[in-house]
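By convention in this document, chain letters (A, B, ...) are assigned in the order of the sequence lines, proteins followed by strands, and residues within each chain are numbered from 1.
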Amino acid sequence: MISEQLVDLSRLQFAATALYHFLFVPLTLGMVWILVIMESVYVMTGKTIYKDMTRFWGKLFGINFALGVTTGITMEFQFGTNWAYYSHYVGDIFGAPLAIEGLMAFFLESTFIGLFFFGWDRLSRGQHLLVTLLMAVGTNLSALWILIANGWMQNPVGAEFNYTTMRMEMVDFWTIVFNPDAQAKFVHTVSAGYTTGAMFVLAISSWYLLKGRDVEFAKKSFRIAAAFGFASVCSVIVLGDESGYTVGEAQQTKLAAMEAMWETEPAPASFNLVAIPNQAEMKNDFAISIPWVMGIIGTRSLDKEIPGIKEIKEKNRERIISGMEAVTALDALRKNLDDAEMKARFEAHKADLGFGLLLRKYVSSIDQVTPAIIEKAVDDTIPHVAPIFWGFRAMVGLGLLMLLIFSLSLWHSVKGSFTGKRWLLRLALFSLPAPWLACELGWLVAEYGRQPWTIYGVLPTHLSVSTLSVESLYGSLAGFVGFYTVLLLVEMYLMVKFARQGPGSLGTGRYLDEAAHA
Amino acid sequence: MLDYATLKVIWWLLVGVLLLGFAIMDGHDMGVGTLLPFVGRNDVERRVVINTVGPHWDGNQVWFITGGGAIFAAWPLVYATAFSGFYWAMLLVLWALFFRPVGFDYRSKIHDARWRSTWDWGLFVGGSVPPLIFGVAFGNLLLGVPFHFDDHLVSTYTGSFWALLNPFALLAGVVSSAMITFHGAIYLMHRTEGEIQRRSGRAAVIFGGLLLLSFSAAGIWLWQGIDGYVITSAVDPGALPNPLGKTVAREPGAWLANYSRYPASMALPVLTYLGVIAALLLAFSGRTLAAFVASSLAILGVIGTAGGSLFPFIMPSSSDLRSSLTVWDSVSSHLTLSIMLWATLIFMPLIIIYTSWAYKVMAGKVTAAYIRENEHGAY
């Protein structure tokens, strides 16, 4: 039996390192396109200020990128170091997109980032723009393959369990690539990244304008960020809604938790704007609901029902009971692969194997299962509702705030009046943390909302860990916290220092504050 | 679609190619990192050394990432068992690697001697620790690693971190470190001039010599002192992978059996000696690019010798012989191996083309004058 503590610590370490990694990724995804836009304007107009913009924002991009790379390696190591059984059980499917990400995307991005920084004097303008563009394409393809892998964890299509090899195996590669969950997640996540990049440039440009320094540089940057950000935040919201729809189809549990929907309502279901979920009694202690809205978002129809948590639990109880048959047959088959009776029994209940495995959290052999244990396993199939319910609402709220900021910024950019709107510049500056918060909350809703599974319906989180000692986990967690704290301090220090110096840090002699750091 | 047995062998070769790519490409910048504090005696010299790999280290590091990804995709059981079993060793590699991206990118952004010297030693750690640990890990593979599977293929490692640091494995660590440092020194001779080039030349002689000595010693030890592993049950290479479906025994001299079975494979250890000697001769006669090719061939010799001795084993188990992982039973499904082969065949040539182009764009000696002209732009 695997200790609870080991599982909790492994999860904590993964969550901490993933959330940390995701502080850097969205900014990279978005800023890289802002660099492409700025450099394209430079190549088209030949105006040096756009080259300086590309180089200055590129410098900040580089500081961020370094930590993105550093913390990304952790993610790749960690499946093997801490989630060994997961790696074995689904590596046949999950490993492929990760390897293809390396081959198709990460090589491209990482090779051309070198030329982006060091190739200015050795490449023609057109060649350098091509380098920047390929870097951007690489970065975004990277996100595509990672989210194909992640989408498969949410909605495991195109694969089947094989009892001889004791693992899931790929049966259709293209089904995995075109998994609707993966595609919806990809577009939603990269748009969130674009919004983050735009917010970053918008906020820092606003600060220069508030200070009245490097005004031309800041105005041009502000305009680009406002336009790019407006388009991005619109797509993040529209595509987020689309991913709400696909979540509805593939993962009704997560949807019910996001909405704190305990009962199955007659279609179209109402939407809980705010609520105080009470998990123990399976009801909301308080709620303000808007009729119809949830049914329309979740099913794109007026007549399809969305199952509530109580109904989902009932279905899961049946699947757990059927899954017990599958686990019993599998245990026998692992002792004797040629047992024909067990083969037939296994095939009949194979689809519920994952649900049967949920019981392994409590018993090592299925004959020890009691009705009380089945009840516990049924309860486990529903994630904690409150953090998901509120995390989702906070994310949407932040998205709407950014929609407001980018709408106003674009409006005043078009009118040419933004430099005088100090309230707008301040609003943009102080909203700088908003996209990061929204991105982290989005991760929380998607991944915490997937619990108790690593692979939804297939492999419980509890079974996915490596058989390590709890002491090892404490040690490595402490190491990560220590390293990551120091790295974050160093990164923030450099980021603030160079953002304060502004374009003068390029040493071109065309901007403010050259003397201070010549 | 190729048949399963053939694909299994192809993937053994491809993982070898990826490890080789890692050792040649990321290896030379790790070697440069290891030598940095010693061949660069002042700030400008150190910046020269760093900027020989400045535009390329990030792309090179992807050989490592992709190698890891390919092992995950093609040999999921090896990925799972090795990474979790060698937990602390892997974390040390990982934490050492942390120093590289930030070391390269942040070092010269602040004008402060202490700041810069701290990152220089960080780059030293990031360059020297991973090859050492990989060597130690390879040494332990040749000795066998204490792990076993249960019925459901949950792996448990029963050794400790300290047990990995045994004399033979440490010797293998020396081989690996010497190889990477030698390779980095040859690269520096190609990309620098004057004092730095002269110091790199001295390092190349020292580490080239150390490589040949330690490689020879490890070979003799392997032949005389270490029992290899053999599969004693019938092997069906095309069967579904089931690591518990075989029997394995230990036999003296078994690791050298492949060389008598396939005499042509003797070319691999021989290539190590020829590669090192040729690289030194070419580098000191000024043909530094050819020298780099020769030291890359020496790396092929070392990695090929280690992998070829183990074949068909990848990770033998010393505590539960039948749990040993081999080329036949730790692989992905037929479909996954096939798709991954196509992905590799399509993208690997593209990667080689644009990486070569990137090196061509940045070709030439890195000089002190270049650093002074690019005070704000260079690393």
Residue among [options] with most heavy-atom pairs under 4.5 Å to chain A:
options: B:Ile346, B:Leu337, B:Leu350, B:Val331; result: B:Val331
options: B:Met90, B:His152, B:His56; result: B:His152
options: B:Leu91, B:Leu94, B:Leu77, B:Ile110; result: B:Leu94
options: B:Leu335, B:Thr355, B:Ile65; result: B:Ile65

Between [X] and chain B, which part of the residue has a heavy atom less than 4.5 Å away: side chain, backbone, both or neither?
X: A:Asp172; result: backbone
X: A:Val171; result: backbone
X: A:Leu337; result: side chain
X: A:Glu76; result: both
X: A:Leu134; result: neither

With a 4.5 angstrom heavy-atom cut-off, is it the side chain or the backbone of [X] that approaches chain A, or both, or neither?
X: B:Asp329; value: neither
X: B:Thr81; value: neither
X: B:Phe161; value: neither
X: B:Phe104; value: neither
X: B:Trp75; value: neither
X: B:Glu375; value: neither
X: B:Tyr370; value: side chain
X: B:Val78; value: neither

Within 45° cone and under 6.0 Å: B:Lys8 NZ/CZ vs B:Tyr4 ring: yes
Check against ring pair (Phe, Tyr, Trp, His ring centres under 6.0 Å), B:Tyr354 and A:Phe112: CA-CA 9 Å; B:Tyr354 61 66; A:Phe112 287 113; 5.3 Å; yes
Which atom pairs, one a donor and one an acceptor, fall under 3.5 Å between side chains of residues 115-123 of chain A and the rest of the protein, sequence neighbours left out?
from, atom 1, to, atom 2, distance (Å)
A:Trp120, NE1, A:Phe116, O, 3.2
A:Arg122, NH1, B:Val361, O, 3.2
A:Arg122, NH1, B:Ala363, O, 3.0

Residue pairs, two or more places apart or on separate chains, that pass salt bridge (Lys or Arg N to Asp or Glu O under 4.0 Å) and touch residues 91-108 of chain B: B:Asp26-B:Arg100, B:Asp29-B:Arg100, B:Asp43-B:Arg107, B:Asp105-B:Lys109, B:Arg107-B:Asp120
From A:Thr17, A:Thr71, A:Thr74, residue fulfilling side-chain hydrogen bond (donor to acceptor under 3.5 Å, both in side chains) relative to A:Tyr484: A:Thr74
